[in-house]
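Each remark here refers to the structure printed beneath this line.
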Amino acid sequence: MDVQLLTELRAGVTYSLGGSSRRDAIGVDFTLADLSRIGTDQVLAPRGRDSTKVMSRETFLRTARDKC
């Protein structure tokens, strides 16, 4: 595996952020344009496997606790 540091985000490129907390964890794909949709104390969360939604950090944490 060739590891390269990410030094910038580029327009038109889809990035993916995932975790390994449990087997059914869903990653989040995003683009540079998605970042402008996220406000203070908000997160970009998965909505199923093919879309995302912006929600408050508080709601995200509460939802995550309920599903774990």
Side-chain angles (χ1 to χ4, degrees):
M1 177 187 298
D2 182 28
V3 177
Q4 297 180 5
L5 295 177
L6 181 64
T7 58
E8 66 179 322
L9 298 177
R10 296 182 183 164
V13 175
T14 300
Y15 298 91
S16 185
L17 181 62
S20 60
S21 62
R22 58 182 241 203
R23 185 180 323 167
D24 297 328
I26 299 173
V28 177
D29 293 339
F30 67 96
T31 64
L32 187 59
D34 288 317
L35 299 181
S36 64
R37 296 174 31 208
I38 305 169
T40 303
D41 291 326
Q42 291 184 317
V43 298
L44 186 66
R47 176 186 288 164
R49 296 207 177 267
D50 296 323
S51 64
T52 59
K53 61 183 172 184
V54 175
M55 62 173 45
S56 72
R57 183 177 185 276
E58 180 179 317
T59 299
F60 175 79
L61 293 173
R62 186 174 55 251
T63 302
R65 280 188 211 108
D66 291 344
K67 293 190 179 204
C68 290

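Being a predicted model, the structure only gives us computed values, none of them experimental.
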Does any part of the side chain of T14, heavy atoms only, come nearer than 4.5 Å to the side chain of F30, both counted from C-beta? no

Name the one of E58, R57, K53 that satisfies side chain to side chain contact (heavy atoms under 4.5 Å, CB included) with M55? K53

Linking I/L/V/M/F/W/Y whenever any side-chain heavy atoms sit under 4.5 Å apart, do V43 and V54 land together? no

About how many Å separate OG1 of T59 and CD of Q42, when rounded to the nearest 0.5 Å? 9.5 Å

Contacts of type salt bridge (Lys or Arg N to Asp or Glu O under 4.0 Å), residue R37, not counting sequence neighbours: D34

State, to 0.1 Å, how close V28 and A45 come at their nearest heavy-atom pair, and which atoms those are. CG2-C, 4.4 Å

With a 4.5 Å cut-off on side-chain heavy-atom distances among I, L, V, M, F, W and Y, is there a chain of contacts connecting I38 to L32? yes

Within 6.0 angstrom of L5 CG, more than 12 heavy atoms from elsewhere: no

S16-D29 side chain donor-acceptor pair, cut-off 3.5 Å: yes

Under a 4.5 Å side-chain heavy-atom rule over Ile, Leu, Val, Met, Phe, Trp and Tyr, are L6 and V3 clustered together? no

Residue set satisfying side chain to side chain contact (heavy atoms under 4.5 Å, CB included) with S36, at least two apart, ordered chain then number -> none

Closest approach of G27 to P46 (non-hydrogen atoms, all atoms of both residues): O-CB, 4.0 Å

Would a hydrophobic clustering, with Ile, Leu, Val, Met, Phe, Trp and Tyr connected at side-chain separations under 4.5 Å, put L17 with L61? no

Any chance you could lay out the side-chain contact (heavy atoms from CB on, under 4.5 Å) test for Y15 and L9, step after step, and finish with the verdict? CA-CA 9 Å; Y15 298 91; L9 298 177; 3.7 Å; yes

Hey, mind stepping through R47 and T52 against side-chain contact (heavy atoms from CB on, under 4.5 Å) and telling me if it holds? CA-CA 5 Å; R47 176 186 288 164; T52 59; 5.7 Å; no

